[in-house]
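Notes follow once the structure below has been shown.
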Amino acid sequence: MTRRFFIAGNWKMNITLPESHVLISPITEFARRTTRLSPTSVTIAVFPSFVCLHTVVQAVGECDVVVGAQDCSEHAKGAFTGEVSAHLVASTGATHVLVGHSERRTLFGDTSAVVSNKVRQAFDAGLTPILCIGETTEDRISGTTEAVLDDQLSSVVSACTPQQKERLIIAYEPVWAIGTGTAADVPTIADTHAIIRAILRRHGGEAASGIRILYGGSVTPANASEIFRIADVDGALIGGASLKAETFLDIVQSAMDLAE
Ligand code: PGA
């Protein structure tokens, strides 16, 4: 069976509006060229800042590149100065949203309950949420990785309807691998993705067995191929290496080589 990979670039707070034009242009060019060759094997996605969302959506146009936001509010609408709701995100033409990224959880206090509300808002607005989960170094050393992942997943997955389970995407990002230059090794990724798959089944039943699980944390052109060869890895969420079109597209190409 052909594998379908989802390769996503998380631009974080790095790319200005003028820079977003420069970065998206070779990505759309690549997508236009390759979609003609192999229509559905790899989904390319980018996550610019809120400020750049509409511009990037316009630049992508009809071309096969997904555009999403890096976060959304847990509230639907109202007097929440500085917040951006899922409906506002959707109004730019973006279709996806990252929720629960470790930087949101650790730096901005997003608890599992808050993340769960954000996922609900995303679905209500018609967006596809990418739920980011992952353990810290301390969790791994103390042997609580599974309990932490279970806590991050359970309330979200058990609240999803069967249709929502078909759309939800998980990004497993060990906190200790993000932005460090050292990705988790292959056995660790394989073991943890299997644990996540079991947790999804436990809380979401059989309908949850098709949920795509991406890996994130120091993915580069050098390690992408070995990561994508792991059976339960359905793609990647890429930070640093997505800030240059060349390295990002090298990673996309690695997925395409395996998907075909
Ligand atoms: P990184 O970031 O690829 O720079 O490690 C991944 C992420 O935070 O999503």
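Atoms within a ligand are numbered from 1 in the order they appear, just like the ligands themselves.
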Kindly indicate whether the side chain of Leu98, heavy atoms from C-beta on, has any atom under 4.5 Å from the side chain of Arg104.
no

Test log, rule salt bridge (Lys or Arg N to Asp or Glu O under 4.0 Å), inputs Arg32 and Glu29
CA-CA 5 Å; Arg32 245 179 235 114; Glu29 191 41 49; 3.8 Å; yes

Only one of Phe6, Phe5, Tyr215 clears ring pair (Phe, Tyr, Trp, His ring centres under 6.0 Å) with Phe228; which?
Phe5

List ligand 1 atoms under 4.0 Å from Gly240, heavy atoms only on the residue side.
1 (P), 3 (O), 4 (O)

Within 4.0 Å of some non-hydrogen atom of His101, the atoms of ligand 1 are 7 (C), 8 (O), 9 (O)

4.0 Å heavy-atom contact, Ser218 with ligand 1:
yes

Taking only residues two or more places apart in sequence or in another chain, which ones pass side-chain contact (heavy atoms from CB on, under 4.5 Å) with Ser155?
Ser116

Would you mind checking if Arg140 and Asp191 are paired as a salt bridge, meaning a charged N to carboxylate O distance below 4.0 Å?
no

Among non-hydrogen protein atoms, atom 3 (O) of ligand 1 lies closest to Gly239 N, 2.8 Å

Measuring from non-hydrogen atoms of Gly217 to any atom of ligand 1, is the shortest distance under 4.0 Å?
yes

Below 4.0 angstrom from a heavy atom of Gly179, which ligand 1 atoms are there? Numbered from 1 as shown, please.
1 (P), 4 (O), 5 (O)

Which of the atoms of ligand 1 are close to Asn10, meaning less than 4.0 Å from one of its heavy atoms?
9 (O)

What protein heavy atom sits nearest atom 7 (C) of ligand 1, and how far away is it?
Glu173 OE2, 3.1 Å

Nearest heavy-atom approach of Val60 to Val65 is CG1-O, 3.4 Å

